[in-house]
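Inspection log for the structure reproduced underneath, given as structure tokens.
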There are 2 protein chains.
Amino acid sequence: MDLPAPRLRPARATLLSLAQSAGVSVSTVSRALRGDGRISPATRKRIDALATEAGYAPNAMARTLLGGRSGLIGLVLGPMHNPFYPALLEELVTQAAERGQRLVILHAGEGSMEDRTAQALLQYQLDGCIVTSAVLPSRIATICRENAVPLVMVNRVAREHGTAVCCDNAEGGARLADWLLDAGHARHAVVGGHADTSTSLDRERGFVARLAERGHALALRFDGGSTREGGWAAGTRIAAMPPEERPDAVFAVSDGMAMGVVDALRAGSVPVGEAGGVSVVGFDGVAAALRPPYELTTILQPLRAVVGRGLDLLLARMEEPDRPEEVVMLRGTLHVGRSARRPVGWGI
Amino acid sequence: MDLPAPRLRPARATLLSLAQSAGVSVSTVSRALRGDGRISPATRKRIDALATEAGYAPNAMARTLLGGRSGLIGLVLGPMHNPFYPALLEELVTQAAERGQRLVILHAGEGSMEDRTAQALLQYQLDGCIVTSAVLPSRIATICRENAVPLVMVNRVAREHGTAVCCDNAEGGARLADWLLDAGHARHAVVGGHADTSTSLDRERGFVARLAERGHALALRFDGGSTREGGWAAGTRIAAMPPEERPDAVFAVSDGMAMGVVDALRAGSVPVGEAGGVSVVGFDGVAAALRPPYELTTILQPLRAVVGRGLDLLLARMEEPDRPEEVVMLRGTLHVGRSARRPVGWGI
DNA sequence: TTGAAAGCGTTACCAG
DNA sequence: CTGGTAACGCTTTCAA
């Protein structure tokens with residue numbers, strides 16, 4: 001009458017439990033499971049079978065405690081209204097998994113970060129930290145620095161220091177300027193993003209500089225605030241201008257804004273990309289922008305490579321904490337869509 | 001000449017290191033830091049100061065090993081092109097943090113999940129799992145069931161079993177039908193989403209059923225595939241119809257698609273929301289849809305509550321694993337924008 | 001080829 | 001009020 005209460009949540013299999021049912025020691029089980037050479041094939045097979053049957057999964061917490069790495073990377077995500085970030089997130093998750101790492105979300109969105117959240121970085125023994133937000137939260141930066149936790153920025157560069165990967169934004173902007181000039185455009189407008197993000201500023205700077213090199217000045221500038229509706233607002237104002245004042249080429253520094261510009265022009269019955277209409281180009285190469293009804297001419301960010309290099313830089317710094325800081329710029333490629341007139345003699 | 005090499009990565013503070021510098025035992029430090037009553041104020045103060053100075057953060061791995069909870073929740077994210085999901089993600093991260101939990105991303109996007117990823121659920125001793133994707137990956141479902149790890153679906157309901165929170169989609173659809181009928185609309189169209197998501201189907205079902213109850217039949221149905229461009233395609237076809245055949249009311253089952261419909265109608269010079277134009281309504285209440293240039297009439301999902309209840313259901317099941325499965329439906333609220341004509345006598 | 005034991009950082013229990 | 005010790009699950013010497 002005093003049987004032990006049945007365990008409702010059956011204890012998970014451990015090395016010890018496996019060892020007991022196999023009639024061997026914990027060490028043997030550990031070695032067998034990790035493929036250590038000096039275990040007899042017979043024993044190994046028996047243990048493998050037992051482990052599979054029991055649904056054994058090694059306890060990462062215990063492993064980490066031994067002093068190894070946790071396999072966990074902290075992630076700070078920026079505001080997600082720019083469609084580039086969701087795409088970046090998917091890619092990050094996939095490639096982190098390919099490298100045997102998981103992502104712990106430390107922060108997402110605009111709000112500021114609680115101290116408690118920043119502490120999680122230490123508590124969970126995170127191996128490193130990836131920051132994709134426009135602004136690098138200083139709590140995170142401090143904690144990483146003081147505790148020698150490697151930190152890599154993806155899609156942004158801090159002016160002063162830090163390790164980062166991003167698309168060569170200035171070069172992309174310049175390439176777009178060339179394309180528009182080659183197609184014979186004369187009145188250029190820019191729809192800019194947040195004034196405090198290096199990403200947007202560099203794209204715009206590269207564009208304007210190339211215009212200048214080739215003897216052109218920017219005719220108009222709008223503030224698009226990095227949102228699609230900011231693009232729409234700019235497009236609306238452009239559509240409302242008398243045709244002779246209207247810019248014939250518009251560079252929106254992100255695809256989200258560019259799509260907004262296109263929508264507004266169409267709503268205002270201004271043709272886009274055709275002779276006599278307005279050419280619109282964007283930046284990023286998000287999936288929705290490449291397909292109808294937008295088919296933007298834009299700079300394709302090498303997303304897979306950006307993320308891959310970002311993770312590689314991070315992993316390298318886990319192995320070797322004293323690596324010098326490093327900034328990697330990856331060139332984007334021009335994607336020719338139908339939202340902008342093509343230079344004469346290009347393609348068909 | 002054989003000084004130990006300087007430790008480049010200074011060892012992190014631990015209870016032991018604090019105990020040594022304070023000249024007390026580990027237990028005392030532990031108790032002081034966790035606010036245990038029976039510690040002299042003097043000792044407590046001294047230890048607190050020491051801990052702060054050393055930047056001490058308790059090791060969550062060690063804590064978890066003792067058998068407590070890890071404070072980690074697994075997250076399975078659906079394809080992120082629907083703007084509702086990024087918003088959901090932000091809210092989840094915020095509210096999980098408020099409850100002292102962090103999210104580990106197990107999967108994002110459409111691809112199938114590696115076994116290794118599913119194993120992470122066990123390895124990291126995740127306390128529970130939140131699934132927001134349209135389809136529940138069966139590996140995850142199995143692992144959770146077999147290991148008594150609670151799982152809650154947010155924004156979807158599995159037909160057969162499971163615990164879930166979602167907006168009352170059918171009711172929202174019905175409410176929109178009422179609104180459109182009250183405004184005198186006669187020809188109704190639906191732009192549907194994925195055929196395999198309960199969310200889309202329920203919205204559509206509720207809408208059509210209410211139409212029928214009030215003696216109306218659906219005039220047209222488009223497949224919008226849950227994407228904005230699907231909405232655009234439907235809108236384009238509507239704009240191309242002769243005015244007398246054109247539906248005067250369109251229900252797109254998500255705001256993303258509804259915005260696409262609006263863009264296409266405007267591009268086709270079909271007025272939206274005005275007398276003589278087409279009324280467009282959506283569902284979700286994503287931020288971009290509520291502001292110009294869309295200002296959709298839509299069902300506002302109670303996002304904060306949906307996420308809050310989802311986490312509460314999950315936490316409750318961590319404490320008490322044998323709670324019966326539970327499905328919570330939260331009513332959305334009708335948000336009156338300018339994308340649809342209002343019933344006569346409503347407001348100003 | 002296998003086993004025993006130490007130790008990672010915490011917490012909890014039992015003494016003092 | 002404080003200290004010692006065992007235990008969590010694992011890897012890694014060191015021994016046999």
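Each chain gets a letter, A, B and so on, in the order the sequences are listed, and its residues count up from 1. Just so it is clear, the structure is predicted and the values come from calculations on it, not from any experiment. Both backbone and side-chain heavy atoms feed into the values below; hydrogens, waters and symmetry mates do not.
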The helix from C:dT1-D:dA16 to C:dG16-D:dC1: angle between terminal helix axes, five bp per end, to the nearest 10 degrees, reads 50°

### Between B:Ser40 and B:Thr43, a side-chain donor and acceptor under 3.5 Å
yes

When you check the phosphate oxygens OP1 and OP2 of D:dT11, does a side-chain N or O of A:Arg63 lie under 4.0 Å from one of them?
yes

Ordered by number, residues from residues 45-59 of chain A within less than 4.0 Å of DNA chain D (heavy atoms) are A:Tyr56, A:Pro58, A:Asn59

Modelled atom types, side-chain donor and acceptor of A:Ser70 and A:Asp127, under 3.5 Å:
yes

From CZ of B:Arg38 across to P of C:dA12 the rounded distance in Å is 10 Å

Check: Under 4.0 Å between a side-chain N/O of B:Ser40 and OP1 or OP2 of D:dT2, yes or no?
Finding: yes

Review point. Is there a donor and acceptor pair closer than 3.5 Å between the side chain of B:Arg31 and the base of D:dG3?
Key: yes

Rounded to whole Å, CD of B:Gln123 lies from C1' of D:dG9 at a distance of 13 Å

Rounded to whole Å, the CE-P distance (B:Met61 to C:dC8) equals 17 Å

Between CG of B:Leu66 and C1' of C:dT11 the distance, given in whole Å, is 4 Å

Taken to the nearest whole Å, CG/B:Asp36 to C1'/C:dT10 is 14 Å

Worksheet item: Under 3.5 Å, is there a donor-acceptor pair between the B:Ser27 and B:Ser30 side chains?
Response: no

Expected list for residues 17-29 of chain B near DNA chain C, using heavy atoms below 4.0 Å, is B:Ser27

Whether B:Arg34 contacts C:dA12 is assessed here as follows: a side-chain N or O lying under 4.0 Å from the phosphate OP1 or OP2. Is that the case? yes

With the threshold set at 4.0 Å, does a side-chain nitrogen-carboxylate oxygen contact exist between A:Glu146 and B:Arg12?
-> no

**Message:** Over all strands shown, is A:Thr43 touching base, sugar-phosphate only, or nothing at heavy-atom distances under 4.0 angstrom?
**Reply:** sugar-phosphate

To the nearest angstrom, the OH-C1' distance between A:Tyr124 and C:dT10 comes to 14 Å

